[in-house]
Amino acid sequence: MPVVDAKPYQYPFEPKTTALVVIDMQRDFVEPGGFGDSLGNDVARLTAIVPTVAELIGLCRRYGIRVIHTREAHRADLTDCPPAKLKRGNPALKIGDKGAMGRILIDGEPGNDIVPALAPIAGEIVIVKPGKGAFYATALGDILRLQGITHLLFAGVTTEVCVQTTMREANDRGYECLLVEDATESYFPQFKTAALEMIRAQGGIIGWTATCGEVAAALAAR
Ligand code: TIU
């Protein structure tokens, strides 16, 4: 069985019962003109991790680890968007407004797509989620249970918002969770550092962290 030299201690996992969850690697967060940009963020930090996320996805595909993608998205009529979420942050462009890549954070709009370099392939599940967590109001929990998944590797953006929320949801549901450190990013470097530290503190209170290279080494050595 592969064993990752992770923090705070070793993380053994069986590829057949493990899934990689790639959170919200969408143009809306990673490219200029999307939702992240409209909230006043510099998206360059997020764009920079695309090659590492691509490497991790390729690795998982090669070793038979199921790859699941998520997208944060709302229905065109916004009936699944709480008014509080719509108003929050007083953004330059609100959810549903027309931006440079179509309507902001709306399912089916160009900006809502996963970036081309990380596009899902046939057979990979895409979870469309209205919240920050991927378990809220989605079929993710049922899918993982039916597929016999017990271990989850996490990548994507942003570390302290959708990634951490989903990892906490997964931890409460009994999954053994590992966040791939260099395949996740935040608009705020200090928030990424803090999120990684709080996840693995107290003996891995939420889960483990390791680099993409450390996951690759575990898979190569098994
Ligand atoms: N704003 C921010 O940091 N993140 C989000 O709104 N969504 C996700 O993290 N995907």
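Sequential numbering from 1 along the given sequence is applied to the chain's residues. First listed ligand is number 1; within each ligand, the first listed atom is number 1.
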A.B. asks: Salt bridge check: are Glu214 and Lys7 linked by an N-O gap of less than 4.0 Å?
C.D. replies: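 Salt bridge between Glu214 and Lys7, a charged N being under 4.0 Å from a carboxylate O: no.
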A.B. asks: With a 3.5 Å cut-off and no angle check, do the side chains of Asn112 and Arg71 form a donor-acceptor pair?
C.D. replies: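 Per modelled atom types, Asn112 and Arg71 side chains form a pair under 3.5 Å.
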A.B. asks: Tell me, which protein residue and heavy-atom name are nearest atom 3 (O) of ligand 1, and how many Å apart are they?
C.D. replies: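 Among all protein heavy atoms, the one nearest atom 3 (O) of ligand 1 is Thr158 OG1, 2.9 Å.
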A.B. asks: Does any N or O of ligand 1 fall below 3.5 Å from an N or O anywhere on Lys129, backbone included?
C.D. replies: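 Among all N and O atoms of Lys129, none is under 3.5 Å from an N or O of ligand 1.
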A.B. asks: What protein heavy atom lies closest to atom 7 (N) of ligand 1? Include the residue and the distance to one decimal.
C.D. replies: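 Of every protein heavy atom, Glu72 OE1, 2.9 Å lies nearest to atom 7 (N) of ligand 1.
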A.B. asks: Side chain, backbone, both or neither: which part of Asp24 has a heavy atom under 4.0 Å from ligand 1?
C.D. replies: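 Asp24 to ligand 1: side-chain contact only, backbone stays beyond 4.0 Å.
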A.B. asks: Indicate yes or no: does Glu160 engage Lys132 in a salt bridge with an N to O separation below 4.0 Å.
C.D. replies: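 Salt bridge: no.
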A.B. asks: Do ligand 1 and Glu160 have nitrogen or oxygen atoms that lie under 3.5 Å from each other?
C.D. replies: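 Between Glu160 and ligand 1 (N or O atoms, distance only) the closest approach is not under 3.5 Å.
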A.B. asks: Just to confirm my output: which protein heavy-atom neighbour is closest to atom 1 (N) of ligand 1, and how far is it?
C.D. replies: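 Here the closest protein heavy atom is Leu39 CD1, 3.8 Å.
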A.B. asks: With nothing but distance in play, are any N or O atoms of Lys132 less than 3.5 Å from an N or O of ligand 1?
C.D. replies: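 N/O-N/O distance below 3.5 Å exists for this pair.
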A.B. asks: In this structure, are over 12 heavy atoms from other groups packed under 6.0 Å from Arg75 atom CZ?
C.D. replies: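 Counting other residues, nucleotides and ligands, CZ of Arg75 stays at 12 neighbours or fewer.
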A.B. asks: Got an N/O contact under 3.5 Å between Cys162 and ligand 1?
C.D. replies: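 Among all N and O atoms of Cys162, at least one is under 3.5 Å from an N or O of ligand 1.
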A.B. asks: I'd like to know if Glu185 and Arg45 make a salt bridge, using a cut-off of under 4.0 Å between side-chain N and carboxylate O.
C.D. replies: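 Judged by the 4.0 Å cut-off on N to carboxylate O distance, Glu185 and Arg45 do form a salt bridge.
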A.B. asks: Is any NZ, NE, NH1 or NH2 atom of the basic residue among Glu124 and Arg66 found under 4.0 Å from an Asp or Glu carboxylate oxygen of the other?
C.D. replies: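 A salt bridge is absent here (no side-chain N lies under 4.0 Å from a carboxylate O).
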A.B. asks: Identify, by atom number and element, the atoms of ligand 1 in contact range of Phe35, meaning under 4.0 Å from any of its heavy atoms.
C.D. replies: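 What qualifies from ligand 1 is 6 (O).
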A.B. asks: Hey, is Lys129 close enough to Asp24 for a salt bridge, meaning N to O under 4.0 Å?
C.D. replies: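 Yes, charged N to carboxylate O under 4.0 Å.
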A.B. asks: Side chain, backbone, both or neither: which part of Val157 has a heavy atom under 4.0 Å from ligand 1?
C.D. replies: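 Near ligand 1, Val157 shows its backbone, while the atoms from C-beta on stay back.
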